[in-house]
Amino acid sequence: MSDELFALEQNHTWIVTDLPPGKSAIDCKYVYKTKFLADGTIERLKARLVAKGFTQKTGIDYTETFSPVVKLVTVRVLLSIAAIKG
Amino acid sequence: MRKPPVCSVGGANEVCKLLKSLYGLKQASCQWYSKFSLSLIAFGFTQSKADYSLFTKVDNNSFTALLVYVDDIIVAGNCSSSIASLKSFLHKQFKIKELGCLRYSLGLEVARSSKGIHLCQRKYALDILADSGTLASKPLKLPLEQNFKLTKTSGAPLSDPNSYHRLIGRLLYLTITRPDICYLVQILSQYMDTPTSIHLATAYRVLRYIKSAPRQGILLPSSSQIQLKAFCDSDWASCPDTRRSVTGYCIFLGNSLISWKSKKQSVVSRSSAEAEYRFMASTCSELTWLRYLLQDLCLSHPQTAQLYCDNQAALHIAANSVFHE
(Lines give C-alpha, C1' and ligand atoms only; values in the text may rest on other atoms or scores of the structure.)
Protein backbone atom coordinates (compact mmCIF):
# COMPACT_ATOMS: atom_id res chain seq x y z
CA MET A 1 0.00 0.00 0.00
CA SER A 2 2.79 2.39 0.85
CA ASP A 3 4.46 1.37 -2.43
CA GLU A 4 1.46 2.60 -4.40
CA LEU A 5 1.39 5.87 -2.48
CA PHE A 6 5.10 6.30 -2.99
CA ALA A 7 4.79 5.68 -6.75
CA LEU A 8 1.98 8.21 -7.08
CA GLU A 9 4.02 10.81 -5.19
CA GLN A 10 7.06 10.03 -7.31
CA ASN A 11 5.04 10.77 -10.43
CA HIS A 12 3.86 14.12 -8.99
CA THR A 13 0.26 13.06 -9.36
CA TRP A 14 -1.05 15.66 -6.95
CA ILE A 15 -0.18 18.61 -4.76
CA VAL A 16 -1.71 19.14 -1.35
CA THR A 17 -3.74 22.36 -1.13
CA ASP A 18 -6.67 23.83 0.73
CA LEU A 19 -10.13 23.05 -0.58
CA PRO A 20 -11.54 26.14 -2.35
CA PRO A 21 -14.80 27.31 -0.77
CA GLY A 22 -17.96 25.93 -2.32
CA LYS A 23 -16.26 22.95 -3.95
CA SER A 24 -16.51 19.34 -2.97
CA ALA A 25 -13.74 16.81 -3.14
CA ILE A 26 -13.86 13.48 -4.94
CA ASP A 27 -13.59 10.52 -2.64
CA CYS A 28 -11.03 7.85 -3.17
CA LYS A 29 -10.34 4.47 -1.72
CA TYR A 30 -8.00 1.56 -1.94
CA VAL A 31 -8.84 -1.53 -3.90
CA TYR A 32 -7.05 -4.56 -2.59
CA LYS A 33 -6.23 -7.63 -4.57
CA THR A 34 -4.29 -10.69 -3.62
CA LYS A 35 -2.17 -12.05 -6.40
CA PHE A 36 -1.59 -15.78 -6.32
CA LEU A 37 1.09 -17.78 -8.02
CA ALA A 38 0.07 -20.80 -10.05
CA ASP A 39 0.55 -23.15 -7.10
CA GLY A 40 -1.73 -21.11 -4.83
CA THR A 41 0.88 -19.37 -2.70
CA ILE A 42 0.52 -15.64 -2.26
CA GLU A 43 2.73 -13.70 -4.66
CA ARG A 44 2.00 -10.24 -3.36
CA LEU A 45 -0.73 -8.12 -1.88
CA LYS A 46 -1.66 -5.41 -4.33
CA ALA A 47 -3.21 -2.10 -3.44
CA ARG A 48 -4.42 0.44 -5.93
CA LEU A 49 -5.69 3.88 -5.13
CA VAL A 50 -8.78 4.63 -7.20
CA ALA A 51 -10.86 7.75 -7.41
CA LYS A 52 -14.60 7.35 -7.01
CA GLY A 53 -15.42 8.63 -10.48
CA PHE A 54 -19.16 8.21 -10.05
CA THR A 55 -19.21 11.23 -7.74
CA GLN A 56 -18.02 13.49 -10.55
CA LYS A 57 -20.46 15.64 -12.50
CA THR A 58 -20.38 16.31 -16.23
CA GLY A 59 -19.36 19.85 -17.13
CA ILE A 60 -18.01 20.59 -13.65
CA ASP A 61 -15.35 17.98 -13.13
CA TYR A 62 -14.79 16.88 -16.72
CA THR A 63 -15.96 17.67 -20.23
CA GLU A 64 -14.72 14.84 -22.41
CA THR A 65 -14.37 11.18 -21.65
CA PHE A 66 -14.10 9.83 -25.16
CA SER A 67 -11.24 7.58 -26.15
CA PRO A 68 -11.43 6.30 -29.71
CA VAL A 69 -11.15 2.61 -30.40
CA VAL A 70 -9.98 1.12 -33.63
CA LYS A 71 -12.55 -0.07 -36.14
CA LEU A 72 -12.29 -3.80 -36.49
CA VAL A 73 -12.35 -3.36 -40.26
CA THR A 74 -9.05 -1.51 -39.93
CA VAL A 75 -7.57 -4.41 -37.98
CA ARG A 76 -8.62 -6.82 -40.70
CA VAL A 77 -7.29 -4.55 -43.46
CA LEU A 78 -3.94 -4.26 -41.71
CA LEU A 79 -3.71 -7.99 -41.13
CA SER A 80 -4.71 -8.86 -44.69
CA ILE A 81 -2.06 -6.51 -46.04
CA ALA A 82 0.43 -8.06 -43.63
CA ALA A 83 -0.54 -11.46 -45.02
CA ILE A 84 -0.10 -10.31 -48.61
CA LYS A 85 3.23 -8.62 -47.99
CA GLY A 86 4.43 -11.62 -45.98
CA MET B 1 -9.64 14.90 -4.32
CA ARG B 2 -9.95 14.00 -0.69
CA LYS B 3 -6.71 12.78 0.73
CA PRO B 4 -6.02 9.06 0.66
CA PRO B 5 -6.68 7.37 3.99
CA VAL B 6 -3.06 6.78 4.96
CA CYS B 7 -1.56 10.07 3.80
CA SER B 8 -0.73 11.87 7.01
CA VAL B 9 0.72 15.22 5.94
CA GLY B 10 -1.24 18.42 6.33
CA GLY B 11 -4.33 19.41 8.25
CA ALA B 12 -7.83 18.05 8.09
CA ASN B 13 -9.13 20.67 5.65
CA GLU B 14 -6.51 20.04 3.02
CA VAL B 15 -7.15 18.10 -0.15
CA CYS B 16 -5.01 16.76 -2.98
CA LYS B 17 -5.19 18.72 -6.21
CA LEU B 18 -4.76 16.24 -9.03
CA LEU B 19 -2.20 17.20 -11.63
CA LYS B 20 -2.44 13.89 -13.40
CA SER B 21 -5.19 11.43 -14.06
CA LEU B 22 -5.95 8.66 -11.64
CA TYR B 23 -7.48 5.24 -12.16
CA GLY B 24 -11.24 5.47 -11.78
CA LEU B 25 -11.72 9.04 -12.93
CA LYS B 26 -14.29 9.52 -15.65
CA GLN B 27 -11.85 11.29 -17.95
CA ALA B 28 -9.03 8.78 -17.43
CA SER B 29 -9.39 7.09 -20.83
CA CYS B 30 -9.56 10.39 -22.69
CA GLN B 31 -6.45 11.70 -20.96
CA TRP B 32 -4.55 8.50 -21.66
CA TYR B 33 -5.42 8.73 -25.33
CA SER B 34 -4.41 12.36 -25.69
CA LYS B 35 -1.11 11.74 -23.91
CA PHE B 36 -0.36 8.67 -25.98
CA SER B 37 -1.25 10.23 -29.34
CA LEU B 38 0.73 13.39 -28.59
CA SER B 39 3.86 11.44 -27.75
CA LEU B 40 3.46 9.31 -30.90
CA ILE B 41 3.10 12.41 -33.04
CA ALA B 42 6.20 13.84 -31.38
CA PHE B 43 8.03 10.67 -32.38
CA GLY B 44 7.17 11.30 -36.04
CA PHE B 45 3.96 9.39 -36.52
CA THR B 46 1.02 10.81 -38.38
CA GLN B 47 -2.51 10.16 -37.29
CA SER B 48 -4.73 8.77 -40.00
CA LYS B 49 -7.79 10.82 -40.85
CA ALA B 50 -9.70 7.72 -41.91
CA ASP B 51 -9.34 6.03 -38.55
CA TYR B 52 -8.13 8.14 -35.65
CA SER B 53 -6.61 5.21 -33.85
CA LEU B 54 -4.30 4.34 -36.73
CA PHE B 55 -0.85 5.91 -36.66
CA THR B 56 1.62 5.54 -39.50
CA LYS B 57 5.20 6.53 -40.08
CA VAL B 58 7.11 6.54 -43.36
CA ASP B 59 10.87 6.73 -43.25
CA ASN B 60 12.90 6.14 -46.43
CA ASN B 61 11.87 2.58 -47.28
CA SER B 62 10.50 1.57 -43.93
CA PHE B 63 6.84 1.79 -43.09
CA THR B 64 5.37 1.30 -39.64
CA ALA B 65 1.71 1.23 -38.69
CA LEU B 66 0.33 1.24 -35.19
CA LEU B 67 -3.22 0.50 -34.06
CA VAL B 68 -4.46 1.61 -30.65
CA TYR B 69 -7.39 0.03 -28.85
CA VAL B 70 -7.38 2.07 -25.62
CA ASP B 71 -4.41 0.33 -23.99
CA ASP B 72 -3.87 -2.52 -26.43
CA ILE B 73 -1.49 -1.74 -29.26
CA ILE B 74 -0.77 -3.64 -32.47
CA VAL B 75 2.35 -2.74 -34.43
CA ALA B 76 3.01 -3.75 -38.03
CA GLY B 77 5.80 -2.76 -40.36
CA ASN B 78 8.25 -3.88 -43.00
CA CYS B 79 11.46 -2.92 -41.25
CA SER B 80 12.48 -4.59 -38.01
CA SER B 81 14.91 -1.85 -36.97
CA SER B 82 12.29 0.90 -37.07
CA ILE B 83 9.92 -1.30 -35.06
CA ALA B 84 12.69 -1.86 -32.52
CA SER B 85 13.30 1.88 -32.24
CA LEU B 86 9.57 2.47 -31.76
CA LYS B 87 9.52 -0.12 -28.99
CA SER B 88 12.46 1.44 -27.18
CA PHE B 89 10.79 4.84 -27.48
CA LEU B 90 7.58 3.49 -25.97
CA HIS B 91 9.54 1.78 -23.22
CA LYS B 92 11.12 5.09 -22.35
CA GLN B 93 7.82 6.98 -22.30
CA PHE B 94 5.54 4.44 -20.70
CA LYS B 95 5.77 1.20 -18.86
CA ILE B 96 4.68 -1.27 -21.51
CA LYS B 97 4.52 -5.00 -21.61
CA GLU B 98 5.58 -6.60 -24.84
CA LEU B 99 3.68 -9.70 -25.83
CA GLY B 100 5.76 -10.60 -28.87
CA CYS B 101 4.26 -11.82 -32.11
CA LEU B 102 0.55 -11.18 -32.53
CA ARG B 103 -1.34 -14.25 -31.30
CA TYR B 104 -4.14 -13.11 -29.07
CA SER B 105 -5.48 -9.59 -28.95
CA LEU B 106 -8.92 -8.13 -28.23
CA GLY B 107 -10.33 -11.66 -28.05
CA LEU B 108 -9.07 -12.45 -31.55
CA GLU B 109 -6.90 -15.49 -31.98
CA VAL B 110 -4.41 -14.97 -34.78
CA ALA B 111 -2.69 -17.91 -36.43
CA ARG B 112 -0.11 -17.50 -39.19
CA SER B 113 0.99 -19.97 -41.80
CA SER B 114 2.40 -19.89 -45.30
CA LYS B 115 -1.17 -19.74 -46.65
CA GLY B 116 -2.05 -16.59 -44.76
CA ILE B 117 -3.42 -15.33 -41.48
CA HIS B 118 -6.37 -16.99 -39.82
CA LEU B 119 -8.54 -15.10 -37.38
CA CYS B 120 -10.97 -16.75 -34.99
CA GLN B 121 -12.58 -16.18 -31.61
CA ARG B 122 -12.70 -19.76 -30.37
CA LYS B 123 -12.11 -18.90 -26.72
CA TYR B 124 -14.64 -16.08 -26.78
CA ALA B 125 -17.25 -18.31 -28.42
CA LEU B 126 -16.70 -21.06 -25.87
CA ASP B 127 -16.91 -18.50 -23.05
CA ILE B 128 -20.33 -17.39 -24.30
CA LEU B 129 -21.49 -20.99 -24.46
CA ALA B 130 -20.18 -21.68 -20.96
CA ASP B 131 -21.78 -18.58 -19.45
CA SER B 132 -25.16 -19.29 -21.01
CA GLY B 133 -24.98 -22.91 -19.89
CA THR B 134 -25.26 -24.38 -23.37
CA LEU B 135 -21.83 -25.97 -23.52
CA ALA B 136 -23.34 -29.46 -23.52
CA SER B 137 -26.20 -28.73 -25.92
CA LYS B 138 -26.60 -30.47 -29.22
CA PRO B 139 -24.88 -28.70 -32.14
CA LEU B 140 -27.02 -27.47 -35.00
CA LYS B 141 -26.00 -27.34 -38.65
CA LEU B 142 -28.37 -24.50 -39.50
CA PRO B 143 -29.29 -21.71 -37.14
CA LEU B 144 -32.61 -20.80 -38.75
CA GLU B 145 -35.17 -22.53 -40.91
CA GLN B 146 -35.69 -21.13 -44.36
CA ASN B 147 -38.13 -18.22 -44.50
CA PHE B 148 -38.22 -18.04 -40.73
CA LYS B 149 -39.57 -14.68 -39.61
CA LEU B 150 -39.50 -13.11 -36.18
CA THR B 151 -41.99 -10.44 -35.18
CA LYS B 152 -42.00 -8.00 -32.32
CA THR B 153 -45.00 -9.46 -30.54
CA SER B 154 -44.54 -13.20 -30.93
CA GLY B 155 -44.15 -15.05 -27.64
CA ALA B 156 -44.39 -13.95 -24.03
CA PRO B 157 -42.18 -11.06 -22.83
CA LEU B 158 -39.19 -12.08 -20.76
CA SER B 159 -39.22 -11.26 -17.07
CA ASP B 160 -35.49 -10.52 -17.10
CA PRO B 161 -34.50 -8.78 -20.36
CA ASN B 162 -31.00 -8.05 -19.07
CA SER B 163 -29.70 -11.54 -19.73
CA TYR B 164 -30.95 -11.24 -23.32
CA HIS B 165 -29.20 -7.87 -23.68
CA ARG B 166 -25.97 -9.34 -22.40
CA LEU B 167 -26.18 -12.33 -24.71
CA ILE B 168 -26.81 -10.21 -27.80
CA GLY B 169 -24.01 -7.86 -26.85
CA ARG B 170 -21.60 -10.74 -26.70
CA LEU B 171 -22.86 -12.18 -29.98
CA LEU B 172 -22.30 -8.78 -31.57
CA TYR B 173 -18.65 -8.94 -30.59
CA LEU B 174 -18.46 -12.43 -32.03
CA THR B 175 -19.42 -11.11 -35.49
CA ILE B 176 -15.90 -9.65 -35.75
CA THR B 177 -14.66 -12.90 -37.22
CA ARG B 178 -17.94 -14.56 -38.14
CA PRO B 179 -19.83 -13.09 -41.06
CA ASP B 180 -22.12 -16.14 -41.01
CA ILE B 181 -23.95 -15.05 -37.85
CA CYS B 182 -24.04 -11.39 -38.84
CA TYR B 183 -27.56 -11.62 -40.26
CA LEU B 184 -28.88 -13.52 -37.24
CA VAL B 185 -27.47 -11.02 -34.76
CA GLN B 186 -28.92 -8.23 -36.84
CA ILE B 187 -32.38 -9.80 -36.54
CA LEU B 188 -32.10 -10.59 -32.84
CA SER B 189 -30.77 -7.18 -31.87
CA GLN B 190 -33.91 -5.49 -33.22
CA TYR B 191 -35.89 -6.80 -30.27
CA MET B 192 -33.68 -5.47 -27.52
CA ASP B 193 -36.39 -3.31 -25.94
CA THR B 194 -39.00 -6.04 -25.36
CA PRO B 195 -37.43 -9.45 -25.89
CA THR B 196 -39.84 -12.38 -25.76
CA SER B 197 -39.43 -16.07 -25.14
CA ILE B 198 -39.34 -16.80 -28.87
CA HIS B 199 -36.51 -14.31 -29.42
CA LEU B 200 -34.56 -15.93 -26.62
CA ALA B 201 -35.20 -19.40 -28.05
CA THR B 202 -33.87 -18.19 -31.42
CA ALA B 203 -30.79 -16.78 -29.70
CA TYR B 204 -30.21 -20.18 -28.10
CA ARG B 205 -30.48 -21.80 -31.54
CA VAL B 206 -27.72 -19.45 -32.70
CA LEU B 207 -25.63 -20.58 -29.75
CA ARG B 208 -26.17 -24.21 -30.72
CA TYR B 209 -25.11 -23.32 -34.24
CA ILE B 210 -21.93 -21.71 -32.88
CA LYS B 211 -21.35 -24.88 -30.89
CA SER B 212 -21.10 -26.84 -34.14
CA ALA B 213 -17.91 -24.97 -35.13
CA PRO B 214 -16.53 -22.62 -32.46
CA ARG B 215 -13.22 -22.43 -34.25
CA GLN B 216 -14.70 -21.00 -37.41
CA GLY B 217 -13.22 -17.70 -38.44
CA ILE B 218 -11.88 -15.97 -41.53
CA LEU B 219 -8.73 -16.62 -43.48
CA LEU B 220 -6.79 -13.71 -44.93
CA PRO B 221 -4.82 -15.47 -47.69
CA SER B 222 -1.30 -14.41 -48.55
CA SER B 223 -1.71 -14.96 -52.28
CA SER B 224 -3.91 -12.14 -53.39
CA GLN B 225 -3.57 -8.85 -55.18
CA ILE B 226 -4.71 -5.51 -53.83
CA GLN B 227 -8.06 -4.91 -55.44
CA LEU B 228 -11.23 -3.85 -53.68
CA LYS B 229 -14.36 -5.79 -54.61
CA ALA B 230 -17.76 -5.28 -53.07
CA PHE B 231 -20.88 -7.42 -53.35
CA CYS B 232 -24.22 -6.16 -52.19
CA ASP B 233 -27.69 -7.59 -52.18
CA SER B 234 -31.04 -6.65 -50.80
CA ASP B 235 -34.42 -8.25 -50.31
CA TRP B 236 -37.63 -6.32 -50.47
CA ALA B 237 -39.93 -5.45 -47.60
CA SER B 238 -38.99 -8.54 -45.62
CA CYS B 239 -39.34 -7.14 -42.12
CA PRO B 240 -42.91 -8.09 -41.09
CA ASP B 241 -43.22 -5.25 -38.58
CA THR B 242 -42.08 -2.30 -40.63
CA ARG B 243 -41.96 -3.58 -44.23
CA ARG B 244 -38.50 -2.20 -44.68
CA SER B 245 -35.86 -4.09 -46.65
CA VAL B 246 -32.98 -6.00 -45.16
CA THR B 247 -29.70 -5.68 -47.03
CA GLY B 248 -26.15 -6.84 -46.76
CA TYR B 249 -22.78 -6.28 -48.31
CA CYS B 250 -19.35 -7.85 -48.13
CA ILE B 251 -16.12 -6.27 -49.30
CA PHE B 252 -13.01 -8.17 -50.32
CA LEU B 253 -9.46 -6.89 -50.57
CA GLY B 254 -8.14 -9.28 -53.18
CA ASN B 255 -9.22 -12.65 -51.81
CA SER B 256 -9.58 -11.71 -48.19
CA LEU B 257 -12.88 -10.67 -46.73
CA ILE B 258 -12.41 -7.49 -44.75
CA SER B 259 -15.73 -5.79 -44.25
CA TRP B 260 -19.34 -6.93 -44.10
CA LYS B 261 -22.64 -5.73 -42.82
CA SER B 262 -26.25 -6.79 -42.58
CA LYS B 263 -28.71 -4.02 -41.97
CA LYS B 264 -32.34 -3.13 -42.14
CA GLN B 265 -32.72 -0.04 -44.26
CA SER B 266 -33.84 3.15 -42.60
CA VAL B 267 -36.62 3.95 -45.09
CA VAL B 268 -39.35 1.99 -46.82
CA SER B 269 -38.56 1.23 -50.45
CA ARG B 270 -41.33 0.92 -52.98
CA SER B 271 -39.52 -1.49 -55.26
CA SER B 272 -36.64 -3.93 -55.02
CA ALA B 273 -34.70 -1.77 -57.49
CA GLU B 274 -35.06 1.20 -55.18
CA ALA B 275 -33.88 -0.87 -52.20
CA GLU B 276 -30.86 -2.21 -54.07
CA TYR B 277 -29.94 1.17 -55.53
CA ARG B 278 -30.12 2.76 -52.11
CA PHE B 279 -27.87 0.12 -50.67
CA MET B 280 -25.39 0.35 -53.52
CA ALA B 281 -24.96 3.97 -52.51
CA SER B 282 -24.13 3.10 -48.92
CA THR B 283 -21.75 0.35 -50.03
CA CYS B 284 -20.02 2.95 -52.18
CA SER B 285 -19.44 5.16 -49.15
CA GLU B 286 -17.82 2.24 -47.32
CA LEU B 287 -15.63 1.63 -50.37
CA THR B 288 -14.63 5.27 -50.47
CA TRP B 289 -13.64 5.09 -46.82
CA LEU B 290 -11.59 1.96 -47.47
CA ARG B 291 -9.75 3.71 -50.30
CA TYR B 292 -8.83 6.53 -47.93
CA LEU B 293 -7.65 3.96 -45.43
CA LEU B 294 -5.47 2.22 -48.03
CA GLN B 295 -4.04 5.59 -48.97
CA ASP B 296 -3.09 6.20 -45.35
CA LEU B 297 -1.46 2.78 -45.25
CA CYS B 298 0.71 3.87 -48.21
CA LEU B 299 -0.85 1.41 -50.63
CA SER B 300 -1.67 2.61 -54.07
CA HIS B 301 -5.02 1.51 -55.39
CA PRO B 302 -5.09 3.26 -58.77
CA GLN B 303 -7.69 0.97 -60.33
CA THR B 304 -11.34 1.52 -59.56
CA ALA B 305 -13.01 -0.52 -56.87
CA GLN B 306 -15.53 -2.98 -58.22
CA LEU B 307 -19.09 -3.11 -57.00
CA TYR B 308 -21.28 -6.10 -57.85
CA CYS B 309 -25.03 -6.08 -57.73
CA ASP B 310 -27.54 -8.49 -59.30
CA ASN B 311 -30.56 -6.27 -59.80
CA GLN B 312 -30.88 -5.31 -63.47
CA ALA B 313 -33.16 -2.36 -62.86
CA ALA B 314 -30.84 -0.88 -60.25
CA LEU B 315 -27.87 -1.38 -62.57
CA HIS B 316 -29.66 0.49 -65.35
CA ILE B 317 -30.41 3.37 -63.02
CA ALA B 318 -26.78 3.50 -61.92
CA ALA B 319 -25.49 3.37 -65.50
CA ASN B 320 -27.86 5.89 -67.01
CA SER B 321 -28.91 8.92 -65.06
CA VAL B 322 -31.88 9.43 -67.39
CA PHE B 323 -33.71 6.82 -65.34
CA HIS B 324 -33.36 8.91 -62.20
CA GLU B 325 -36.75 9.99 -61.11
Side-chain angles (χ1 to χ4, degrees), chain A residues 1-21 23-31 47-86, chain B residues 1-7 9-10 13-30 32-33 50-54 65 67-70 74 76 78 102 106 108 110 112 116-117 119 176 218 220-226 253-254 256-259 290 293-294 297 299:
Chain A
M1 200 155 92
S2 55
D3 285 353
E4 164 88 356
L5 208 56
F6 181 69
L8 287 169
E9 274 165 10
Q10 280 277 302
N11 283 332
H12 304 288
T13 312
W14 59 62
I15 47 170
V16 178
T17 56
D18 278 326
L19 185 67
K23 305 280 180 194
S24 60
I26 308 164
D27 251 336
C28 65
K29 65 167 185 175
Y30 281 102
V31 173
R48 174 177 246 167
L49 188 70
V50 299
K52 293 184 179 171
F54 52 83
T55 54
Q56 293 176 285
K57 291 191 187 67
T58 322
I60 299 170
D61 299 313
Y62 60 92
T63 49
E64 275 194 51
T65 60
F66 179 68
S67 171
V69 290
V70 63
K71 265 182 102 163
L72 268 306
V73 178
T74 319
V75 176
R76 286 192 293 260
V77 170
L78 191 72
L79 286 178
S80 65
I81 291 165
I84 293 167
K85 301 272 178 191
Chain B
M1 188 186 74
R2 209 158 282 160
K3 271 184 306 179
V6 201
C7 187
V9 284
N13 202 24
E14 286 186 334
V15 288
C16 297
K17 184 184 177 192
L18 287 178
L19 302 177
K20 288 181 181 170
S21 184
L22 197 64
Y23 193 93
L25 284 181
K26 286 262 173 81
Q27 65 268 44
S29 57
C30 181
W32 153 251
Y33 175 75
D51 190 331
Y52 281 143
S53 50
L54 170 71
L67 287 175
V68 186
Y69 195 101
V70 190
I74 300 173
N78 59 1
L102 185 62
L106 312 174
L108 296 177
V110 183
R112 310 184 68 160
I117 295 178
L119 295 177
I176 291 174
I218 49 170
L220 307 169
S222 54
S223 59
S224 82
Q225 67 282 46
I226 292 169
L253 182 68
S256 42
L257 180 59
I258 49 169
S259 172
L290 276 169
L293 190 67
L294 287 180
L297 286 167
L299 277 171

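Residue numbers begin at 1 in each chain, while the letters A, B, ... track the order of the sequences.
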Trainee: What part of B:I176 gets within 4.5 angstrom of chain A, counting heavy atoms only: side chain, backbone, both, or neither?
Mentor: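 Both the backbone and the side chain of B:I176 come within 4.5 Å of chain A.
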Trainee: Which residues pass the side chain to side chain donor-acceptor pair (under 3.5 Å) test with A:T74, not counting sequence neighbours?
Mentor: B:D51
Trainee: Can you measure from CG (A:L79) to CD1 (B:I117) and round to the nearest 0.5 angstrom?
Mentor: 5.0 Å
Trainee: Not counting sequence neighbours, which residues clear side-chain contact (heavy atoms from CB on, under 4.5 Å) with B:L106? List them please.
Mentor: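 side-chain contact (heavy atoms from CB on, under 4.5 Å) list for B:L106, sorted by chain: B:Y69, B:D72, B:Y173.
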Trainee: Please state whether the side chain, the backbone, both or neither of B:S259 comes within less than 4.5 Å of a heavy atom of chain A.
Mentor: both
Trainee: If I compare all heavy atoms of A:A83 with all of B:S222, which pair ends up nearest, and what's the gap?
Mentor: O-CB, 3.2 Å
Trainee: Let me confirm one number: the CG-CG distance from B:L67 to A:L78, rounded to the nearest 0.5 Å.
Mentor: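 So the gap between those two atoms works out to 5.0 Å.
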Trainee: Are any non-hydrogen side-chain atoms of B:L253 and A:I81 less than 4.5 angstrom apart?
Mentor: yes
Trainee: Considering non-hydrogen atoms only, spot the tightest contact between A:R76 and B:I258 and give its length.
Mentor: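 Taking every non-hydrogen atom into account, NE-O, 2.7 Å.
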